[in-house]
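Every chain is numbered from 1 and lettered A, B, ... according to where its sequence line falls, protein lines coming before strand lines.
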Amino acid sequence: MKRIGVLALQGAFIEHIKILQQLGAKAVPVRLPQELEGLDGLIIPGGESTTIGKLMQKYKLSPVIQRLIAEGLPVLGTCAGMILLANQVAGLDGYSLKVMDIGVKRNAFGRQVDSFETDIRMPILGDSPFHAIFIRAPWIENMGNDVEILAQLQDGTPVVAQEGNIIVAAFHPELTSDTRIHEYFLSLIEGREKCKK
Amino acid sequence: METEKGTWTVKTGLAQMLKGGVIMDVVTPDQAKIAEEAGACAVMALERVPSDIRADGGVARMSDPSMIEAIINAVSIPVMAKCRIGHFVEAQVLESLGVDYLDESEVLTPADEANHIWKHDFKVPFVCGCRNLGEALRRIGEGAAMIRTKGEAGTGNIVEAVRHMRSVMSSMRKLQSMTQDELMAEAKRLNAPFELVQEVYKTGKLPVVNFAAGGIATPADAALLMQLGAEGNFVGSGIFKSSNPEVMAKAIVQATTHFNDPEIIANVSRDLGKAMPGLEIKAIPETELMATRGW
């Protein structure tokens with residue numbers, strides 16, 4: 001059984017854990033560096049990026065996560081998770097992990113009254129749309145050549161992207177019953193293990 | 001599909017993102033920055049913290065819009081603000097300012113002793129206080145997208161928050177042990193909407209996120225409420241009425257994250273300086289209790 005860590009410092013980590021369990025993976029809440037050892041994948045959930053970022057540094061999780069990602073550990077970041085994985089974040093430079101070649105703007109769509117839900121098309125998941133919930137969501141402002149856009153809003157704003165072993169979503173797949181993004185993430189882990197063999 | 005704003009999903013969803021975090025009362029932009037720097041997941045903007053409201057007496061109202069705007073502009077984390085129970089115009093004003101969450105709060109003087117705000121009419125989400133499961137479900141029925149215990153605000157005394165959290169959690173456990181044909185009578189006993197009673201019966205939890213509030217003054221207080229079932233903490237006077245707010249704020253954030261780890265709670269509890277001065281609940285005249293405001 002695959003062991004997937006879910007960063008559990010703050011935010012909606014229980015929702016990710018439930019989806020992983022539903023998909024037959026073992027989900028491990030991670031609050032301390034030693035809990036990162038022996039994982040097959042890691043999810044950084046939605047929450048408040050400043051809070052999670054500060055606690056990640058305070059409890060010395062950041063350098064370990066950076067090393068594991070550099071070694072190829074598959075990682076999924078949703079909303080705050082996307083912010084924390086980005087190379088550049090306006091106003092939060094001290095706390096992100098800087099492991100993905102994207103520049104991100106926080107609260108890019110506005111305040112809570114501008115939070116929204118909508119259907120997006122994500123070809124990699126098949127024809128049926130994904131119902132996406134955006135809460136004080138960030139967006140991707142710029143990206144490097146190795147970053148692939150997996151989904152966009154109708155106006156072209158990129159909201160799901162992948163660079164190698166890193167997938168990020170600006171919205172919250174953990175708040176819906178659609179498990180396809182998590183399944184896609186688990187398939188990356190499967191792929192990595194095949195390569196190892 | 002159309003893009004939809006202000007839906008129940010996005011209202012309850014923001015509360016999901018606040019879970020495991022600490023929401024701190026602040027009265028100035030500088031305090032808001034200290035709270036953000038300490039790792040608060042949101043701030044509550046108000047003119048006076050509850051212990052000062054209690055000491056000053058008189059009628060406590062919504063804060064000055066300029067003051068709330070200054071706090072909104074000072075931080076990047078969500079900003080909450082309080083309106084009086086039943087005062088839907090204060091709520092409209094706060095919504096127009098771009099506040100991220102409204103607290104229809106017993107800490108302010110109620111504007112309506114019979115009716116709470118019909119919160120479904122708003123795009124901005126509301127959090128409301130409760131003392132027991134019935135009160136929580138009545139507020140959710142009116143549209144509260146997040147619940148907190150009332151506790152007894154401004155006292156630095158955790159006893160009421162513990163009472164309220166235990167009451168909510170134990171009533172839910174009791175519901176779970178019942179059979180379907182007993183639910184209507186239980187709904188009557190709780191004075192709660194039947195559909196919501198049935199939902200708690202099926203899921204074993206409230207349909208919205210449930211925080212603790214009212215009297216949290218130390219890291220151990222914060223962890224206690226988390227272990228009793230809170231999904232996060234509001235800290236009012238407990239931070240900026242302590243002798244070293246920066247250190248206390250950071251300590252309470254860490255104790256809320258690591259609420260099951262006594263060693264970490266011990267570590268963050270060292271050398272904090274003085275917690276806020278506390279008040280014995282029995283020493284407060286009944287007419288000055290805040291938790292009994294609203295129903």
Report the option among [options] that has the most heavy-atom pairs separated by less than 4.5 Å from atoms of chain B.
| options | value |
| --- | --- |
| His172(A), Arg31(A), Gln112(A) | Gln112(A) |
| Ala12(A), Pro129(A), Gly46(A) | Ala12(A) |
| Gly110(A), Ser49(A), Gly11(A) | Gly11(A) |

Could you look at [X] and say if it's the side chain, the backbone, both or neither that has a heavy atom under 4.5 Å from chain B?
| X | result |
| --- | --- |
| Thr50(A) | side chain |
| Leu9(A) | both |
| Phe134(A) | backbone |
| Ile120(A) | neither |
| Asp114(A) | both |
| Arg111(A) | both |

Quick one: what part of [X] sits under 4.5 Å from any heavy atom of chain A, side chain, backbone, both or neither?
| X | result |
| --- | --- |
| Val79(B) | both |
| Ala42(B) | neither |
| Glu37(B) | both |

Heavy atoms from other residues, nucleotides or ligands near CZ of Phe122(B) exceed 12 (cutoff 6.0 Å): yes
Side-chain donor-acceptor contact under 3.5 Å, Gln16(B) with Lys19(B): yes
Between Asp30(B) and Thr28(B): side-chain donor-acceptor atoms closer than 3.5 Å: no
Any donor-acceptor pair under 3.5 Å from Thr51(A) side chain to Ala40(B) backbone: yes
Mind ranking [options] by heavy-atom pairs under 4.5 Å with chain A and telling me who comes out on top?
| options | result |
| --- | --- |
| Gly21(B), Ser76(B), Gly13(B) | Ser76(B) |
| Val209(B), Ile72(B), Thr256(B), Asp261(B) | Ile72(B) |
| Val22(B), Thr257(B), Val99(B) | Thr257(B) |
| Ile77(B), Val253(B), Thr12(B), Thr9(B) | Ile77(B) |

Interatomic spacing from CD1 in Ile19(A) to CD1 in Ile4(A) - rounded to 0.5 Å: 13.0 Å
Between OG on residue Ser269(B) and CD1 on residue Ile252(B), distance to nearest 0.5 Å: 9.5 Å
Parallel, tilted or perpendicular, as decided by the 30° and 60° cut-offs, for the rings of Phe109(A) and Trp139(A): perpendicular
CA sep, side-chain torsions, deciding dist, call: Lys119(B), Cys128(B), side-chain contact (heavy atoms from CB on, under 4.5 Å): CA-CA 10 Å; Lys119(B) 293 165 273 284; Cys128(B) 286; 3.7 Å; yes
Trace of the side-chain contact (heavy atoms from CB on, under 4.5 Å) decision for Leu73(A) with Arg192(A): CA-CA 9 Å; Leu73(A) 184 76; Arg192(A) 184 191 185 210; 4.1 Å; yes
Met146(B) and Leu14(B): CA distance, side-chain angles, deciding distance, side-chain contact (heavy atoms from CB on, under 4.5 Å) verdict: CA-CA 9 Å; Met146(B) 179 177 183; Leu14(B) 177 55; over 6 Å; no
